[in-house]
Amino acid sequence: MARVKGLGELERTVMEILWAREDAGIEAATARDVSRALAGDRDLAHTTVMTVLDRLAKKGFLERERDGRAWRYQPVASREGYVTELMLGALNETGDRDAALAHFVRSVSSDEIDVIRQALASLTSKEPPA
């Protein structure tokens with residue numbers, strides 16, 4: 001996902017369906033699978049779902065593979081990977097990354113600070129490559 005941009009509302013909804021399937025260990029989805037998952041919340045034409053999936057694949061968010069006459073789609077990156085790219089993009093928009101990071105850290109909860117500390121500890125405890 002080179003240079004991630006925000007997703008539109010429908011694109012985000014489709015990605016959430018595909019990420020949830022992936023989290024549940026369910027194989028890649030067809031447009032019909034996604035249409036069925038959306039049916040309870042939205043009344044969309046099947047062709048609309050097909051168009052959204054095609055656009056997400058062209059934007060690099062999804063990989064697709066032929067399965068008979070249909071395509072099967074799966075996310076290129078995890079939900080966490082996508083959010084990370086959004087956060088890094090936001091940091092790149094500021095003129096002072098250090099100040100933005102410091103402000104961010106001051107705004108998170110104690111539990112989140114513990115997660116950040118653990119992540120930093122795991123990075124610093126790794127031995128440098130030889």
Side-chain angles (χ1 to χ4, degrees):
M1 286 187 312
R3 205 160 170 246
V4 172
K5 293 183 180 177
L7 296 170
E9 180 189 348
L10 183 54
E11 290 174 327
R12 174 77 180 185
T13 301
V14 167
M15 289 302 298
E16 286 294 342
I17 288 167
L18 295 171
W19 281 321
R21 288 175 63 91
E22 191 171 72
D23 291 347
I26 302 172
E27 64 185 32
T30 63
R32 184 134 342 263
D33 296 330
V34 175
S35 290
R36 286 184 188 130
L38 287 167
D41 297 332
R42 296 176 178 253
D43 185 24
L44 295 174
H46 180 66
T47 53
T48 301
V49 174
M50 290 171 52
T51 299
V52 171
L53 289 165
D54 183 59
R55 285 185 184 160
L56 286 167
K58 287 178 179 172
K59 288 180 179 182
F61 287 96
L62 299 176
E63 294 175 332
R64 67 181 180 182
E65 148 184 329
R66 254 311 165 195
D67 183 7
R69 292 178 51 200
W71 289 102
R72 287 203 170 270
Y73 296 88
Q74 64 186 36
V76 169
S78 67
R79 179 185 295 110
E80 293 78 11
Y82 169 69
V83 172
T84 299
E85 292 297 323
L86 285 176
M87 291 170 69
L88 290 171
L91 271 177
N92 288 334
E93 294 297 316
T94 181
D96 187 348
R97 285 177 66 113
D98 292 348
L101 282 169
H103 186 77
F104 173 76
V105 170
R106 285 191 298 272
S107 69
V108 299
S109 71
S110 296
D111 290 341
E112 292 165 333
I113 288 172
D114 289 341
V115 170
I116 292 169
R117 280 190 179 120
Q118 290 170 3
L120 290 170
S122 71
L123 286 174
T124 58
S125 68
K126 293 179 182 177
E127 291 185 26

So, using side-chain hydrogen bond (donor to acceptor under 3.5 Å, both in side chains) as the criterion, who are the partners of [X] when residues are at least two apart?
| X | result |
| --- | --- |
| Arg42 | Glu9 |
| Ser109 | Glu112 |
| Arg32 | none |
| Asp96 | none |

Heavy-atom donor-acceptor pair, Thr51 side chain to Thr47 backbone, under 3.5 Å: yes
Would you find a donor on one side and an acceptor on the other, under 3.5 Å apart, between the side chain of Thr124 and the backbone of Ala121? yes
More than 12 heavy atoms of other residues, nucleotides or ligands under 6.0 Å from CG of Asp43: is that the case? no
Work out which heavy atom in Ser125 is nearest to a heavy atom in Ser122; give both atom names and the distance. OG-O, 3.2 Å
Would [X] end up clustered with [Y] when hydrophobic side chains under 4.5 Å apart are linked, directly or stepwise?
| X | Y | answer |
| --- | --- | --- |
| Val115 | Met87 | no |
| Leu7 | Leu88 | no |
| Leu101 | Ile116 | no |
| Leu91 | Val105 | no |
| Leu120 | Phe104 | yes |

Checking salt bridge (Lys or Arg N to Asp or Glu O under 4.0 Å) between Glu11 and each of Lys59, Lys58, Arg55, which is the one that passes? Lys59
Please say which of Glu22, Glu16, Glu85 ends up in a salt bridge (Lys or Arg N to Asp or Glu O under 4.0 Å) with Arg79. Glu16
Side chain proximity check, Ile26 to Asp33, heavy atoms < 4.5 angstrom: no
Can you tell if the side chain of Leu18 reaches within under 4.5 Å of the side chain of Leu56, non-hydrogen atoms only? no
For residues 62-71, dump all side-chain donor-acceptor pairs below 3.5 Å to protein atoms at least two apart in sequence or in another chain.
from	atom 1	to	atom 2	distance (Å)
Glu63	OE1	Gln74	NE2	3.3
Arg64	NH1	Asp54	OD1	2.8
Arg66	NH1	Arg69	O	2.8
Asp67	OD2	Arg72	NE	2.6
Asp67	OD2	Arg72	NH2	3.4

Please list, one pair per line, the donor and acceptor atoms closer than 3.5 Å that link side chains of residues 34-41 to other protein atoms, with sequence neighbours excluded.
from	atom 1	to	atom 2	distance (Å)
Ser35	OG	Ala31	O	3.1
Ser35	OG	His46	ND1	3.0

Rounded to the nearest 0.5 Å, the CG atom of Leu44 sits from the CG atom of Leu10 at a distance of 5.5 Å
Of the options Tyr73, Phe61, Tyr82, which is the one that meets Trp19 in a ring pair (Phe, Tyr, Trp, His ring centres under 6.0 Å)? Tyr82
